[in-house]
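The figures here come from the full heavy-atom set of this structure, side chains too, leaving out hydrogens, waters and symmetry mates. Position 1 is the first residue of the sequence, and the numbers go up from there.
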Amino acid sequence: MPIKDVPENKLVLPLKKVIRFATEEDLSRVEENVQKEEEAFKKCQKKITEHGLDMKLVSVEYNFDRNKIIFYFTSEERVDFRELVKDLASIFKTRIELRQIGVRDEAKIKGGIGPCGRPFCCATFLEEFEPVSIKMAKGQNLSLNPTKISGVCGRLMCCLRFEASSYENDTEDMPNPGDTVLTPDGEAIVKEVNRKKKAVSVLLSESGYRKEFPMEEVDIPEGNG
């Protein structure tokens with residue numbers, strides 16, 4: 001959606017304070033920090049290799065005043081990086097922090113394009129990660145093939161979570177696959193439910209043909225749905 005005004009009661013508080021307008025010197029320092037982050041990434045990656053550590057460096061962040069550098073990394077296990085921190089401190093002559101993050105955080109930092117063809121939700125508008133379950137995929141009538149419902153991070157797609165409530169609302173007064181319903185062409189067994197389209201695909205009991213009907217043309221006998 002485009003840039004818009006947000007009502008105060010919808011803001012995620014507390015908001016950070018605006019101290020002052022950025023000066024040309026401030027903007028120049030930010031650019032320099034970006035360059036230094038790229039250099040620090042390469043040097044840290046080299047040291048990780050030298051120490052033979054099982055960790056994947058994701059990104060590097062300089063504090064604005066350069067009094068600390070944060071190195072973000074992922075790893076399947078806990079990593080003893082004490083010697084690495086000593087090496088980095090001797091190279092950069094400032095405070096060093098190594099922060100282990102998850103694969104979802106990695107996707108949020110790096111960004112990219114999801115299976116839907118749009119930028120990652122986590123890298124654009126999601127403020128925090130919430131639990132996502134297979135049950136949500138089932139409720140949205142999706143294939144349970146892991147490659148179909150997983151994001152680039154390898155975890156279940158975040159959209160399964162925030163779209164779940166919409167599907168839950170759409171399922172009201174709708175039958176389930178296997179239910180018996182009454183159609184204009186007679187009694188039928190529900191084979192597939194299109195919740196967004198508000199339609200069902202059924203197998204007609206009398207003719208054996210499969211046909212789709214909008215829900216307004218279908219009656220659900222008591223005990224079904």
Side-chain angles (χ1 to χ4, degrees), residues 1-2 12 54-56 58-59 72-77 100-225:
M1 60 181 66
V12 179
D54 184 17
M55 55 191 289
K56 177 185 177 184
V58 175
S59 70
Y72 297 94
F73 71 94
T74 60
S75 177
E76 294 294 330
E77 302 176 352
Q100 187 169 353
I101 60 175
V103 290
R104 286 190 172 185
D105 297 297
E106 179 184 5
K108 184 178 181 70
I109 290 174
K110 288 188 171 182
I113 302 297
C116 60
R118 296 184 61 82
F120 294 165
C121 298
C122 60
T124 50
F125 66 89
L126 284 185
E127 294 292 334
E128 58 185 34
F129 296 110
E130 296 185 21
V132 186
S133 67
I134 286 290
K135 183 179 179 181
M136 295 174 184
K138 290 181 179 178
Q140 295 171 42
N141 203 30
L142 296 174
S143 165
L144 299 185
N145 183 334
T147 60
K148 299 288 187 181
I149 56 177
S150 297
V152 176
C153 63
R155 300 292 189 266
L156 291 173
M157 293 187 293
C158 294
C159 57
L160 296 178
R161 172 75 185 189
F162 62 78
E163 291 182 357
S165 59
S166 174
Y167 279 88
E168 287 170 3
N169 293 334
D170 289 340
T171 59
E172 294 180 2
D173 302 321
M174 291 194 74
N176 298 310
D179 285 351
T180 299
V181 294
L182 299 177
T183 74
D185 293 350
E187 191 175 88
I189 303 297
V190 177
K191 290 298 182 181
E192 188 175 348
V193 179
N194 189 323
R195 307 190 189 283
K196 284 299 178 185
K197 193 177 176 182
K198 293 286 187 181
V200 291
S201 177
V202 302
L203 185 66
L204 296 168
S205 301
E206 188 172 331
S207 64
Y209 289 125
R210 185 160 175 166
K211 190 172 181 180
E212 183 177 271
F213 292 94
M215 274 307 301
E216 57 262 26
E217 296 182 6
V218 175
D219 288 327
I220 307 175
E222 189 175 347
N224 282 340

Nearest heavy-atom neighbours spanning G186 and L204: O-CD2, 4.4 Å
So does N145 have more than 12 non-hydrogen atoms from other groups sitting under 6.0 Å from CG? yes
Determine whether K148 and P115 make a side-chain contact, defined as any pair of heavy atoms from C-beta on separated by less than 4.5 Å. no
Closest heavy-atom contact between A107 and A123? O-CB, 4.4 Å
Does the S201 side chain pair with the main chain of K191, one donor and one acceptor, at a distance under 3.5 Å? no
Can you name the nearest heavy-atom pair linking L126 to K108, along with the distance? O-NZ, 2.9 Å
Is M215 close to V200 at the side-chain level, that is, under 4.5 Å between some pair of heavy atoms? yes
Quick check: closest heavy atoms across V152 and I113, and the distance to 0.1 Å? CG2-O, 4.0 Å
Measure across V190 and V202 and return the closest heavy-atom pair with its distance rounded to 0.1 Å. CA-CG1, 4.1 Å
Counting only heavy atoms not in E77 (residues, nucleotides, ligands), do more than 12 fall under 6.0 Å from its CD? no
Side-chain (S150) to main-chain (T147) donor-acceptor, under 3.5 angstrom: no
Sub-4.5 Å side-chain heavy-atom contact between R210 and E192: yes
Does S75 offer a backbone N or O that forms a donor-acceptor pair with the side chain of Q100 under 3.5 Å? yes
Check the pair T74, D105 against side chain to side chain contact (heavy atoms under 4.5 Å, CB included), reporting the backbone distance first and the verdict last. CA-CA 9 Å; T74 60; D105 297 297; over 6 Å; no
Derivation of the side chain to side chain contact (heavy atoms under 4.5 Å, CB included) call for V132 and R155: CA-CA 9 Å; V132 186; R155 300 292 189 266; over 6 Å; no
